[in-house]
Number of protein chains: 2
Amino acid sequence: MPDVKHFEPDAVLDQVVRLFWERGAEVTGIAEIVRATGLSRSSLYATFGGKERLQAAALRRYLERQSRPVFDALAADQRGLPAVDGFFERLVAARCTGKHARWGCLVTNAHTGAAREVPEIREVLDAHHGALRAAMRAALRSARELGQTRPGLDLDACSENLALLAYGVNLRSRAGAEPAELLAGVRAVLDGFAHTEER
Amino acid sequence: MPDVKHFEPDAVLDQVVRLFWERGAEVTGIAEIVRATGLSRSSLYATFGGKERLQAAALRRYLERQSRPVFDALAADQRGLPAVDGFFERLVAARCTGKHARWGCLVTNAHTGAAREVPEIREVLDAHHGALRAAMRAALRSARELGQTRPGLDLDACSENLALLAYGVNLRSRAGAEPAELLAGVRAVLDGFAHTEER
DNA sequence: CTTATCTTGGACCGGCCGTTCCAAGATAAG
DNA sequence: CTTATCTTGGAACGGCCGGTCCAAGATAAG
C-alpha cells in the first residue's frame, strides 16, 4: 500500500562519498548534499538518519567500494615485494593525479575530524586499518615464501609499518606533496625488507 | 599617547594552539576562543586578524614551540639509529599518554582540513615537513658515519620515509591506536636500515 | 476507486558561524 | 589635565548549521 522511494539510496550514497571525500565531511553542509543529490531533507533523514550516521555510511561505502578491492588485489597478488611496490605506485598515482588528485583518502582524512570519537565511525577506521594491514601482511608472506625477504623479518611489524606509511602518503598527498618524493619514501623501506645483497 | 594591549598575545596564542590541537581548528568557534582566553572579539581580531590568520599563527607557533625543539634535538643527536629510535619512542609516548594523549599533531591534523589550501597555512605544512625530513636526514647521516647502516642507503629517500611514517603515527594515535603496535611498526623499518647481520 | 501507508517538498526551528561596528575606557605624551 | 590614539566590551549582522515538522503527493493493495 505505501509509497516507495523515488531514488536509489546507493547512488545517493556514492554522491555523498564524493562530497565528503573531496571537500571534507566537516565542511559539507546538509544543504549542499540536498543540492547535489536532488533529494529533499526529508528523504535524506528518513533514509540515512542524521549527518553522523550518513558519514558513517559514507565511510563504510568508501571502504567497501574504494579500499577493499585494492586491498583484496594486494592480498591476492603473489609476486611478493613487487606487489607491494605496485600497490604504492598506484596509490601515489591515484592520490596525486586523475580525478581524485589531492583528495587524499576519505578514511585517512576522517582520523583528524571530531567524528573519530563516534563509535560507529571509529569502527570503520579500525576496520580499514585492519584490512590494510592484513593485505600488506599477505603480500609480505608471499614475498617471504619467494625468498625475497631478508631473514628474520617480522611480518606483523612490517605490515603495520607499511600501513602507517600509506596513511602518511594519503595525508601528504592532500597537501600537495610531489609524487616522486612520496615514491622515493616508499621504496626506501621496501629496500630494507629485501635481502641487502640483492639491491 | 595611545592605549596599550591589556594582555600578552603570546600567552593567548598558546591557549589557541591548545584549543585547535585538542578539539580541531575547524570545530573550534570564535566564541569558544573568546571564552577560553578572556579576550573580547575586538582584541582578538585586532591582534590576529580573522580565523584563518589565527590558525596560521597557531600552526607557526606549534611548529616553533612543539616540533622544532624535538626536530633540533634529533638532528643534533649523534648516536645514529638509536637517536631515531628514541625520537619515535618519545613520539609514540607523547601521542598516546600524558596530557596531550590522542591529540595527534596539530600540523598533521591540518593536512586534512579545508585550510590546507590557504597559502599561508600550506607554507607551514611544507615547512614542518621539510624540518622533520631534514632532522631525520641528519640523524641518518650520523648513523651512516657510525657504520650503523647497510651499504647504499639513500639518505634522502629514507628520511622522507621516516617523515611519512611519523605522520602515520600521529594520525593513527588520534584514533586510539595502541602504542605497542605503533612502535612495532616503527622498529620494523629501522631494522631494515641497519646491517642485516647486526640484528 | 478507495484507502492505508510511506515519501516528498519545503517552510521553519533555535543556535552557532565568522565578522563588523561603535561607544566607552585606558593610556601616555605634551 | 587635556588630548590624541589605541584598546576594549559587547551588541548586532547576515548567513549557514543540523534537525524537525507537516501538509501534499505518490503508491499499490483491496
Side-chain angles (χ1 to χ4, degrees), chain A residues 1-13 15-59 109-110 112-121, chain B residues 1-13 15-59 109-110 112-121:
Chain A
M1 294 169 165
D3 196 357
V4 298
K5 289 192 194 305
H6 301 178
F7 62 95
E8 294 169 34
D10 276 7
V12 168
L13 196 49
Q15 293 181 270
V16 174
V17 165
R18 168 171 279 265
L19 285 173
F20 283 175
W21 188 5
E22 179 175 10
R23 302 234 307 115
E26 234 145 29
V27 297
T28 302
I30 300 292
E32 195 169 343
I33 297 171
V34 166
R35 203 179 314 126
T37 62
L39 259 65
S40 66
R41 281 169 124 83
S42 314
S43 307
L44 202 56
Y45 276 83
T47 307
F48 300 103
K51 193 183 179 185
E52 252 176 21
R53 302 280 321 272
L54 181 59
Q55 192 183 348
L59 282 166
N109 297 343
T112 63
R116 79 190 189 282
E117 310 221 19
V118 178
E120 189 183 356
I121 290 178
Chain B
M1 295 169 168
D3 195 358
V4 298
K5 288 192 196 305
H6 301 179
F7 61 96
E8 294 168 34
D10 276 8
V12 168
L13 196 48
Q15 293 181 271
V16 174
V17 165
R18 166 171 280 264
L19 285 173
F20 283 176
W21 188 6
E22 179 175 11
R23 303 233 306 114
E26 235 144 29
V27 297
T28 302
I30 299 291
E32 194 168 345
I33 297 171
V34 166
R35 202 180 314 126
T37 62
L39 259 65
S40 66
R41 284 169 126 82
S42 314
S43 308
L44 202 57
Y45 276 83
T47 307
F48 301 104
K51 193 182 179 185
E52 251 175 21
R53 302 279 320 272
L54 181 58
Q55 191 182 350
L59 282 166
N109 297 343
T112 63
R116 77 190 190 283
E117 310 221 19
V118 178
E120 190 183 356
I121 289 178

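None of the values given here were measured: they were computed from a predicted structure.
Where B/T47 and A/E52 meet DNA chain D, the nucleotide closest to each residue was compared, and B/T47 sits on the side nearer the 5' end. The 5' end of DNA chain C is approached more closely, in terms of each residue's nearest nucleotide, by B/G49 than by the other of B/G49 and B/D3.
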* Kindly determine whether B/L54 and B/V16 satisfy side chain to side chain contact (heavy atoms under 4.5 Å, CB included), including the steps that lead there. => CA-CA 8 Å; B/L54 181 58; B/V16 174; 3.9 Å; yes

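Applying the ring pair (Phe, Tyr, Trp, His ring centres under 6.0 Å) rule to pairs touching residues 22-52 of chain B yields nothing, sequence neighbours excluded.
Both key distances under 3.5 Å define a Watson-Crick or G-U pair, and stretches of 3 or more such consecutive pairs in DNA chain C run C:1-30 with D:1-30.
Here the shortest heavy-atom pairing between B/A57 and B/L13 reads O-CD2, 3.9 Å. Annotation for B/V17 and B/A58: closest pair CG2-O, 3.5 Å, computed over non-hydrogen atoms. Closest non-hydrogen pair, A/L39 versus A/V34, comes out as O-CG1, 3.1 Å.
Nucleotides of DNA chain C that come within less than 4.0 Å of any heavy atom of chain B span, from the 5' end to the 3' end, C/dC17 to C/dA29.
A distance of 14.0 Å separates CZ in B/R116 from CG in B/L59, rounded to the nearest 0.5 Å. In this structure, A/T47 OG1 and A/F7 CZ are separated by 3.0 Å, a value rounded to the nearest 0.5 Å.
Within a 6.0 Å radius of CD in A/E52, no more than 12 heavy atoms belonging to other residues, nucleotides or ligands are found.
Taken residue by residue, residues 16-39 of chain B places heavy atoms nearer than 4.0 Å to DNA chain C at B/T28, B/G29, B/I30, B/A31.
Nucleotide D/dG9 holds its P atom 8 Å from the NE2 atom of B/H6, rounded to whole Å.
The backbone N or O of A/G50 sits nowhere less than 3.5 Å from a side-chain atom of A/R53 that would complete a donor-acceptor pair. B/K51 places a side-chain N or O within 3.5 Å of a backbone atom of B/T28 that can act as its donor or acceptor partner. Without hydrogens or angle criteria, B/Q55 side chain to B/I121 main chain gives no donor-acceptor distance under 3.5 Å.
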Between the protein and nucleotides 10-14 of chain D, which nitrogen or oxygen pairs are less than 3.5 angstrom apart?
from   : atom 1 : to    : atom 2 : distance (Å)
D/dG10 : O6     : B/S42 : OG     : 2.6

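Remark: B/A114 engages A/V27, B/E26 in a side chain to side chain contact (heavy atoms under 4.5 Å, CB included) (not counting sequence neighbours).
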